[in-house]
A.B. asks: 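Take a look at the following structure, please.
Proteins come first, then strands; the chains are lettered A, B, ... in the order of their sequence lines, and each starts at number 1.
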Number of protein chains: 2
Amino acid sequence: MSTSPAPRMTKQRAAIMDVLSKSEEFRSAQAWHDTLRHDGSSVGLATVYRSLQSLAEAGQVDAVVTDSGETLYRRCGAEDTHHHHLRCRSCGAAHDIEVPEFERWAEQLGVKLGFTGIDHTVEITGICRDCAAQGR
Amino acid sequence: MSTSPAPRMTKQRAAIMDVLSKSEEFRSAQAWHDTLRHDGSSVGLATVYRSLQSLAEAGQVDAVVTDSGETLYRRCGAEDTHHHHLRCRSCGAAHDIEVPEFERWAEQLGVKLGFTGIDHTVEITGICRDCAAQGR
DNA sequence: CGCTTAATTGACAATGATTATCAATAAAGC
DNA sequence: GCTTTATTGATAATCATTGTCAATTAAGCG
């Protein structure tokens with residue numbers, strides 16, 4: 001794991017983290033930029049992109065790519081969200097993932113078949129890009 | 001459901017469906033375009049985009065959007081009747097169930113994150129009606 | 001088999017999100 | 001306070017994808 005140097009706390013970065021903290025919605029970098037301007041602080045668009053990107057890498061914000069290719073960000077919803085993992089069978093590296101429809105689907109299936117107290121286990125495994133590249 | 005008119009079978013569309021059928025890899029529209037040119041048939045790039053798009057809408061090909069925003073396509077896998085179980089934690093009675101979207105979803109997630117050889121485990125448990133009625 | 005017609009094609013321009021550039025600015029540490 | 005160096009921001013550049021529009025051609029019909 002590469003230990004990247006701690007990022008400087010600039011007023012722009014602070015402003016970005018501040019607006020992020022005020023909403024848990026997923027918004028595009030450009031939308032966050034607009035929000036910032038409405039709030040008075042004028043942070044450059046490029047800076048918003050860079051900050052959201054680095055925050056996402058640091059795991060401070062969640063990022064998803066829409067079907068149209070736009071990347072949306074929101075403050076990281078702490079630990080409360082139930083999630084699963086996609087784990088590499090070779091090196092063990094794991095990604096946290098969410099299975100959007102699944103929870104509800106399982107619940108409904110249970111009701112349909114007369115089951116209550118539905119619980120589930122979902123494990124997804126594969127070989128990550130790095131391991132595949134090294135033939136492991 | 002809107003009944004869209006059946007698309008014409010042009011030689012370009014045929015060529016595209018042909019290369020698609022020869023590989024089960026996920027590739028970008030541009031990559032498929034290159035493949036086509038290598039194979040001799042010169043189909044316009046815009047046409048490749050349009051065809052892949054309509055094929056994807058028609059469910060004939062799978063499409064995934066990568067983290068970088070590129071859309072990848074491959075011929076639709078349509079086959080395996082892999083299934084899972086909903087099991088009662090009390091009496092062990094099990095129902096065979098199918099999780100329609102899941103298989104493909106897991107596969108696409110893998111591609112997006114650079115994983116190959118995706119496999120998964122899905123276990124759903126609950127308390128069946130009989131056991132619930134008897135307070136078990 | 002020819003004809004008509006509307007869908008399709010392709011070369012290229014346009015879009016739109018994101019990234020790179022680079023001089024100016026300002027954290028952090030001393 | 002001063003120096004160093006990451007960060008910023010305005011703007012140009014990139015790159016996948018979509019729109020444009022005249023030319024082409026599949027399909028249905030007689």
A.B. asks: Please confirm whether the shortest side-chain N or O distance from T71(A) to OP1 or OP2 of dT18(C) is below 4.0 Å.
C.D. replies: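 Yes, T71(A) has a side-chain N/O under 4.0 Å of OP1/OP2 on dT18(C).
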A.B. asks: Are the side chain of R89(A) and the backbone N or O of G117(B) linked by a donor-acceptor pair below 3.5 Å?
C.D. replies: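 Present.
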A.B. asks: Has the side chain of R50(B) got a donor or acceptor atom sitting under 3.5 Å from an opposite partner on the base of dG10(C)?
C.D. replies: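 Flag set: donor-acceptor pair detected.
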A.B. asks: Please collect all salt bridge (charged side-chain N to carboxylate O under 4.0 Å, His left out) contacts where either partner lies in residues 32-50 of chain B, sequence neighbours excluded, each pair once.
C.D. replies: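 Salt bridge (charged side-chain N to carboxylate O under 4.0 Å, His left out) check on residues 32-50 of chain B returns K22(B)-D39(B).
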A.B. asks: dA17(C) C1' sits how many Å from R27(A) CZ, rounded?
C.D. replies: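 Whole-Å distance recorded here is 18 Å.
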A.B. asks: Whole Å only: how far is the CG atom of L36(B) from the C1' atom of dG10(C)?
C.D. replies: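 Whole-Å distance recorded here is 14 Å.
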A.B. asks: Between E70(B) and M9(B), just flag the one whose closest nucleotide in DNA chain D comes earlier from the 5' side.
C.D. replies: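 Going by which nucleotide is closer to the 5' end, it is E70(B).
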A.B. asks: Which nucleotide in the set dG10(C), dA17(C), dT17(D) lies at the smallest distance from any side-chain heavy atom of L45(B)?
C.D. replies: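 Ranking dG10(C), dA17(C), dT17(D) by closest atom to the L45(B) side chain puts dT17(D) first.
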A.B. asks: Which part of the nucleic acid, if any, lies within reach of T66(B) when heavy atoms closer than 4.0 Å are counted: base, sugar-phosphate only, or nothing?
C.D. replies: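 Contact class for T66(B): none.
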A.B. asks: Check the distance between dT7(D)'s P and M17(A)'s CE and give it to me in whole angstrom.
C.D. replies: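 M17(A) atom CE is separated from dT7(D) atom P by 14 Å.
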A.B. asks: Choosing from dT18(C), dT7(D), dA27(C), which nucleotide comes nearest the side chain of Y49(A)?
C.D. replies: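 The closest nucleotide is dT18(C).
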A.B. asks: Hey, is the main chain of L52(A) close enough, under 3.5 Å, to the side chain of W32(A) for a donor-acceptor pair?
C.D. replies: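 No.
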A.B. asks: Report the distance from atom CZ of R37(A) to atom P of dG9(D), rounded to the nearest whole Å.
C.D. replies: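 The distance from CZ of R37(A) to P of dG9(D) comes to 10 Å, rounded to the nearest Å.
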A.B. asks: Is there a side-chain contact between T10(B) and the phosphate of dT8(C), meaning an N or O under 4.0 Å from OP1 or OP2?
C.D. replies: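 It does not, given that no N or O in the side chain of T10(B) lies less than 4.0 Å from OP1 or OP2 of dT8(C).
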A.B. asks: Phosphate oxygens OP1/OP2 of dT18(D): is one of them under 4.0 Å from a side-chain N or O of Q53(B)?
C.D. replies: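 Yes, because at least one side-chain N or O of Q53(B) sits under 4.0 Å from OP1 or OP2 of dT18(D).
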A.B. asks: Could you tell me the separation between the NZ atom of K11(A) and the P atom of dA26(C), rounded to a whole number of Å?
C.D. replies: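 Taking atom P of dA26(C) as the reference, NZ of K11(A) is at 6 Å.
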A.B. asks: Between the side chain of S54(A) and the main-chain N/O of S51(A), is any donor-acceptor distance below 3.5 Å?
C.D. replies: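 The answer is yes, because a donor-acceptor pair under 3.5 Å joins these two groups.
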A.B. asks: Looking only at the side chain of T47(A) (C-beta and beyond, no hydrogens), which of the listed nucleotides dT8(D), dT20(D), dT17(D) gets closest?
C.D. replies: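 Of dT8(D), dT20(D), dT17(D), dT8(D) is nearest to the side chain of T47(A).
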A.B. asks: State whether Q12(B) places a side-chain N or O below 4.0 Å from either non-bridging phosphate oxygen (OP1 or OP2) of dG10(C).
C.D. replies: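 Yes, because at least one side-chain N or O of Q12(B) sits under 4.0 Å from OP1 or OP2 of dG10(C).
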A.B. asks: Across the strands shown, which category fits S54(A) at heavy-atom distances under 4.0 angstrom: base, sugar-phosphate, nothing?
C.D. replies: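 Answer is nothing: S54(A) stays at 4.0 Å or more from every strand.
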A.B. asks: Could a donor-acceptor pair under 3.5 angstrom be found where the side chain of R8(A) meets the base of dA28(C)?
C.D. replies: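 Flag unset: no donor-acceptor pair detected.
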A.B. asks: Q30(A): what forms a side-chain hydrogen bond (donor to acceptor under 3.5 Å, both in side chains) with it, not counting sequence neighbours?
C.D. replies: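 Once residues adjacent in sequence are excluded, the partners of Q30(A) under the side-chain hydrogen bond (donor to acceptor under 3.5 Å, both in side chains) criterion are Y49(A).
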A.B. asks: Nearest whole angstrom, please: distance from the P of dA28(C) to the CZ of R13(A).
C.D. replies: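 Taking CZ of R13(A) and P of dA28(C), I get 11 Å after rounding.
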A.B. asks: CD of Q30(A) versus P of dT18(C): gap in Å, rounded?
C.D. replies: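 The distance from CD of Q30(A) to P of dT18(C) comes to 6 Å, rounded to the nearest Å.
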A.B. asks: For the pair made of NE2 in H33(A) and C1' in dG16(C), what is the distance, rounded to whole Å?
C.D. replies: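 Atom NE2 in H33(A) sits about 16 Å away from atom C1' in dG16(C).
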A.B. asks: dT8(D), dC12(C), dT7(D): which one has an atom nearest the side-chain heavy atoms of S51(A)?
C.D. replies: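 For the S51(A) side chain, the nearest candidate turns out to be dT8(D).
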A.B. asks: Without swapping roles, check the side chain of R75(B) against the backbone of S21(B) for a donor-acceptor pair under 3.5 Å.
C.D. replies: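 Yes, the answer is positive, given that a donor and an acceptor are paired below the 3.5 Å cut-off.
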